[in-house]
Structure formats: structure tokens, C-alpha cells
Amino acid sequence: MQRLSGYKLSAKAVVGILLVSVLAVLLLMSCQDQGQEGSAEESSAPAAVSGDAAAIAEARGLTPDDITAALKTYTPTGVHDEYIMFASGGHGGQVYVIGMPSMRIIKQIAVFTPEPWQGYGYGAEGTMQTLAGGFVGDNEITWGDTHHPALSETAGDYDGEWLFINDKANARVATIDLRDFETKQIVKNPIALSDHGGTFATPNTDWVVEGGQYAAPLGWEYSSLDNYAEDYRGMVTFWKFDRESGRLVPEESFAMELPPYWQDLCDAGKNVSEGWIFCNSFNTEMATGGVEDGNPPFEAGASQRDMDYMHIINLDKAVEVAQAGNTVEVQGFPVISLDTAIEEGLLYFVPEPKSPHGVDITPGGEFMVVSGKLDPHVTIYSFEKVQEAIAAGDWQTDDYGVPILNLDNVMEAQVELGLGPLHTQFDDKGYAYTSLFLEPSVARWSLGGDYADLNEDPEWSLVSKVTVHYNVGHIAAAEGDTVSPDGKYLVSMNKWAIDRFNNVGPLLPQNFQLIDINEPGDNLQLLYDMPIPDGEPHYAQIIKADKLDPWEVYPEVGWNPHTQSPDPNATQIGEERVERDGNNVEIFMTAIRSHFTPEHVEIKQGDHVIWHITNVEQTYDATHGFTIPLYNINMSIEPGETATFEFDATEDGVFSYYCTEFCSALHLEMTGYMLIEP
Amino acid sequence: MSNVWQSIVGPRAPADVDDEKRREYRLPSIFLGLAALSLIISIFLPYWNLTLEAPQYPKGLHVQTYVNRLEGDVQEIDGLNHYIGMRPLEEAAQLERSLSIILISVTALLVVSAIFIHTKWVVLLALPALLYPILFVADMYFWLRSFGQNLDPTAALSNYIEPFVPTFLGEGLIGQFRTISSFGAGYYLACLASVLILVGLYFHRRAYKPLVDATQEKAQGSGTQDSGSSGATGEV
């Protein structure tokens, strides 16, 4: 019995010891966690400003405002930005990716123009196909004039998945995949040679809007300017977007014929106005220029009338009409004729102040804001009143029979802002912001309706202005054209820089100015100047950085970024080979730090060479480049990517190919010889 | 034959005992069973973890060594190792890894079978599992040493890095890399299995030794009778 109780004791003791050990480990782990959290909190506490800082500020001549601006924008090493701005690169043909508030350029996305860093347009098959999608007939177009980026939206809010942008010069639209920030598609507008009013995504990105600009006969036809009113036409194209394939689908897209006024910018309705599209226009005078013949130049001829026409388009109904086949074919592309648009009630006009540039829809979709750039006001229209006016059927018509609603019946308010108002953005506090080109400044003004309760300023009134440098065009506020703007930051995209930066010769950069719009009332602070040394950026969109979730490396080794799927020619380590079939030579190569396999490639003059390279790395940032002299081959092969290029071995000789991205300590040794035997 | 079998398997626990006595017989079974379970679970957990830290790798490089495979940044570490001429990690302990699941399963089964052996032979069945953590460490060290000592003399950095023995536990330094190696949960479970076996064997001895002794005494008693007066036994 005594021995038995001895067992019981020891059994309990053992179980107890085990339990205590487990608890101790758990306790230790939780303590460690708390310790880490505690230290993180400590390190995030603001550091005291030292005497040194004051001395530096004095030596550099910094004012207290300069110091707060610096504190609001300075981003220490390793710290990421809160917002990402996608800005058009203008006639550089590219898109800029900029972190905010640091205003650091993080990436340039090649879109319409070949770009060597990304290996875009220098042999890599997918990029060549993308660029070829934008060729006009047999003409290889190798640049673009990017204007208005549009992030894809879900329920009217940016979803961070896709980006679209148009090329004004050649009426093209590109699709960029935000999983790898690369351009996947360029489509050429089948009926117009140039555009302007694109791109704008509908609230769920079902449609991407591409509005026209300079009227011309549809379908790239010829007609004398004497026949302007009869043969020249404006247009708006609705590209169907398929999220599954990540492509615009020309077969399901259509356009609408418009009078030969110069359609300018559009915006998609949202919330209450979802399903409607709004575009403004100028040159309703239908001036045809010819200053050399004694005619008024366009700048005067197109500015005679006090009013132009905002176009109000019922997209939902237009889709039904197009799907019912009630269209005409232009270059094989379905177009709703102007007559059909009028008959079916798809198109209405409203007078808008002289030569407007931009129509912007308030976050709730209730109001359309238009600035006539030759009128000191912004004019605000009520969507509800527009619907009432359409229902009432009380209108006049223009020469083409398009109904023109009575301005007095649909206008909600007018606010006098100043000289040269252009584009409007919104924040979360019931304010709108409008760029004033001539002053030049950005005006903050208060909205009315449901927005009036969001701030203390009287509704529909000018609140404050901040001077910008110089000649502002578009402005972009954080998520400022969505259903839920964030406020906080606004970027003034200035056309002229003049004295803002060091003199670099007669061609100057553009100037992006970051403005703090966080405080209500008369508190707008200019924070930072950022030069953009490329084409003239037009519009930008600013998305909360945490909505973007791009890949660090491609999902599998042997990935084709063009199809976003495994590449049939992917080559793993050990599978490298050279296959010859007559005059066709096919090379399957791998790249890894710090060598290509194979390092010798022997071919004969006259061979046709197909070359696949797989970067078998799966390490973040372990990109390899590849270039061959003379043959104009240059590629960027990111971790996991398989890239393919082809060329005819027309020139014999000894060619050393090498890695163009400094990949490792033995990067210079990452090379090989291609021997082309005569 | 059945006598030999009997002498190995040993006596069965009597059926008609009170609760306390029954617990006495159950304890070794529970501990040995838990030991076998620990061993089996350890197959699914890493035995040895290696972390490499360098400025270029803000998140570090991590390898988890399981009994049958390597996981983590193996490719990247192999890529780095090729500069100093170290063989790819996958070439290490190939035989051991290919047999590991079977051997550990058999070891665990032996421990389970030990539950039904109530003599001192139980130690023989439990011995592989008992010694397994030591064998693992010995094998691991052999391979670390083998890899560190046999560097390809033609490798790019062979002039810079002399043959070395990678740090088995704790921190080390190789090139710009700080290495941190430690045992993983799997190894600790294997060690726990050894401890459980020891405890189990202790209870085993406490529970069954008296029975075995009693049987032997009885056998000896009857044996004496046998040799002394077989006729009497025959009558019984």
C-alpha cells in the first residue's frame, strides 16, 4: 500500500512537471511577444527636436512652415509611402508610379514607348505582341501621348487590380496588370485616329470609356474640310473589360457617333448616376481654322459662343441598343449612329460655360461639376434635375437633332472661383478642389446638398486658395474621384516649372506640387516640389497603398508574364539544351546568379534563332537582364519569368551576351559567347 | 517454444484488481503510448532550423530540416553556397532521409509493442527510440562537417572561405552572414519521447517486476518440486 501511494505521488509529479514545463514555455513566449510590442511602441514615440536640428534649420534658412512641410513628407529609409500615385507620362508614352507623401518615383511603367530597363519592345515576345496590338494598320507606332490613367474600380472604389490609360496621339487604350505592374494589352480605336477623353472606368469596371476629341470622318476616311458639318464626326467608345482574362474585348465593345463638336473629357456616373456617362465638349462653333487663309485661327473660332454642350449619355440603354444590333459597322466595329442615339434617347446636351475642360462627378454621383476655362465659375448640375428635365421632354435641339436641356432647369449652383478653372477633385470633408490655370492656384470650395454638413463653411462657396508654380493643369486628390475620397493630400500637376529647380537648359521638367488638404477651412499647405523630367503628365490617380498587392516574384519558375500562366518553353536547371531542326535553332537557357546555361551558343549564319531564357531564381529582386550586341536584343527577366525572343542570324561574328542587371558580386562574369559561323 | 515466448512476453496483469492497482498497470502503457505518438508527430515538424541574416535579406533566409526533407529558402542558400563551393543541401543525408519515415514508424511500433512485453526485454524494444535523438545529432553533425570540410577548390570564393564546420547550435559567422541554428519542435518531441520512455520503463518495472518475480519464484518452486518428486507433481 505504501509503495502504491509512492507511485501515485510520482505519477502526479511527472504529469505536474510536464504541465508546468508547457505552461512555462507558453508564458515565456507570450512575454517575449509583449516585450517586442512594447519596444515597438517605444521606438514609434516622437523623438525630441535637438538643438542641432534648430541650428540646421537656421543655417539652411528654413521657416517654421518649411520645417512642418519637411516633417510631413520626409520618409526615412525602409519606410513605405501611404499612397501610390499613378501619373501619366505624357508624350513620353509611359506611366509613373510615385510614392506619397515622399514623392519618390518608384517605377516607370512602359506602355506605348519601348523602354530598355524593362526590356519592353527589344525582343521579348510578349512585349512585342503588346506593342504590335497598338500599331495602326501597317504603321509601327513606337510612342504615345498618355493622358488619363484610370484604376479599375469595384463599387466605385479603386480595387488596385488594373490600370488603363489612353494615347491621345493615336487613339489607343492600354491595360496594365497591377500584379506585376506591366502593360499587357494595347488596343487601337478602330474608328478614330486620335482621342482625348479616356480613360474612365465605370464603377465596376465593366466598361472603359474612351472619348474622342478632334472630329474627323469616322473610320480614318478622307473628306474635305468643306464637308465638315456633313462628314466629320465626334465619337465616344465603350471598351468592354473582362476581368477574368484581364483584357479589353474589342468584339464586345462599341462606339457612339456624336456631332463634330470636340469632345473633351468624360466621367462615369456613380451611385445615383451609375449607368450614365458625362462628357464635355468645345468648338460647338464647328470652326475649321485656316488662319493662313484669313480665317480665324482655331483658338478664336472655337471660342465664339458663350456656351458649349455637356453630353449626357445613357450607357445602360446604349449597351442594350448595341447588343440588340441596332448599330452600323465602321471598319468592322459596331457604332450607334447619331440618329439612333437620338431616337433611342441615349444622348442629351446641356449648355455648359464656354470651352470647358473637364466634367467631374461628386462622390455620391448627385452633381456634375463643369469648369468653363474661359469663365470664372464652376457650374454644378444636378443629376436628379437632369432626369426630371429628360422626363418632362422640355428641350430644344441642335442642328443634328440632339435634345438640349434648358440650363436653368438642371443647374444646381455656380461658384465663382477665379481665372481659368479646369479640373475638379473631391475630399472627405465636403470640399471640392478646382485647378485655376491662369492664377495659377488650386481653389478649395464647399459643396452643397448632403455634403454641406461635413464642414462649417457655407455651401457652394469659395473657401481658400493656394498658389502653385506654375500653370496648373489637372489636380489629383487621394482617391479624389471615387465614391469615398480620402482627403489628406492633393497633387497640383503644373505645366511650367520656370524657377522652381536648377536651370537645366531651355527644356524644363514639369512640376508636381504636393499640398496638404487635411485641415478644414483656410488651411492649405504647399509641401513639396517634385520635377517630372519626361513628357507632360496630364492626369493622375492616387490609391491607398495597402489596396495594391503585387507579386514579389512570379508565382512559378517558368512563368509567362504576357499570358500570366506557366510558359510551355519554361526551362528548369538541368533541362538546358540547344535543338536544331534544319536552319531553325531553338535555345533553352536558364539564368541564375551568376551564370547563364549554356555559356556557348554556336549557330550558323542564316539560321533562324528562337531563344528561351528562364530566370530560375525565386528571390525578391533577383532580376537578370540579357542582351546581345548588334541584334537589338535587350530583356529584363524577373525572378521566375520565362522570356522568348527570335531573330535571324544575318551577321556572322563573335557576340558576347551578358546580364545587364547588376545581379551579384560575379555579375560581370555572367556572360557567354554566341558564335555565328559564316 | 511457448515457454520461451512466455519468458519474453512475461505475465499478464491480473483482471480482478482494484482501481488503484489497475492504474498502476496502465501507467507504463500510457507513457509508452505517448512516446510512440510523440515520435510519429515529430515526423511532421522540423528537427533543425537554420537562419541566415545579412543586410540584403531583410527577412533573413530560413531552412527547416525535417527528417525526410528540407523546406524554406533552400534554393537561395544553395545559390549562395555555390560561390564557396558547397554542395547543394539536397545531397546531404539522402539515404537517411529516404528511410527516415519507415525507420521512425518501425521505432514507434517497437515502442507500442513494448507495451505488451512485461519482462526486461522491453528495454530492447524501447532502446532504438531511446537513443534516436543522440543518433540524429551525430548524423546531423557528420553531414554538417562533411559539407563544410569538402568545399570545391575551384569555386569562385574558394580563396576567401576556408573549409569550416557550420555551427550546429547557436550563432556563427560565414562571410557577411550571421547564422543562427537551433533545434526544432520535431527534435524536442523526439527527446520528449525518450523521456516518456524512461518514465514509462520506470513505471513498467514497478508494475510488472513483482509479477515476473512472483512467476519466477513460482516456477522455481514448482521446478524444485519437479526435480525433487515428480510423482507428487504428477498426482497434483
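Chain A is the first sequence line, chain B the second, and so forth, proteins listed ahead of strands; every chain is numbered from 1. Values in this document were obtained by computation on a predicted structure and should not be read as measured data.
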Just to be sure I understand the criterion: a residue of residues 55-69 of chain B counts if one of its heavy atoms is under 4.5 Å from a heavy atom of chain A. Which ones qualify? Y57(B), K59(B)
Tell me, side chain or backbone of E669(A) under 4.5 Å from chain B's heavy atoms, or both, or neither? neither
Holding to salt bridge (Lys or Arg N to Asp or Glu O under 4.0 Å), I want the full list of residues that pass it with R104(A), two or more places apart in sequence or in another chain. D81(A)
Got a sec: does the CZ of F662(A) have more than 12 other heavy atoms crowding it under 6.0 Å? yes
Surrounding CG of D546(A) (heavy atoms of other residues, nucleotides or ligands, distance under 6.0 Å), is the total greater than 12? yes
Does W117(A), at its CH2 atom, have more than 12 non-hydrogen atoms belonging to other residues, nucleotides or ligands within less than 6.0 Å? yes
Which heavy atom of I592(A) sits nearest to which heavy atom of Q75(B), and what is that distance? CD1-NE2, 4.3 Å
For atom NZ of K120(B), decide whether the heavy atoms of other residues, nucleotides or ligands shown that lie under 6.0 angstrom number more than 12. no
Y658(A) atom OH, neighbour heavy-atom count above 12 within 6.0 Å: no
d(I573(A) CD1, D78(B) CG) to nearest 0.5 Å is 9.0 Å
First locate atom CG of D73(B), then atom CD of Q618(A), and finally report the distance between them rounded to the nearest 0.5 Å. 10.5 Å
Within a 6.0 Å radius of atom CZ on R26(B), are there more than 12 heavy atoms belonging to other residues, nucleotides or ligands? no
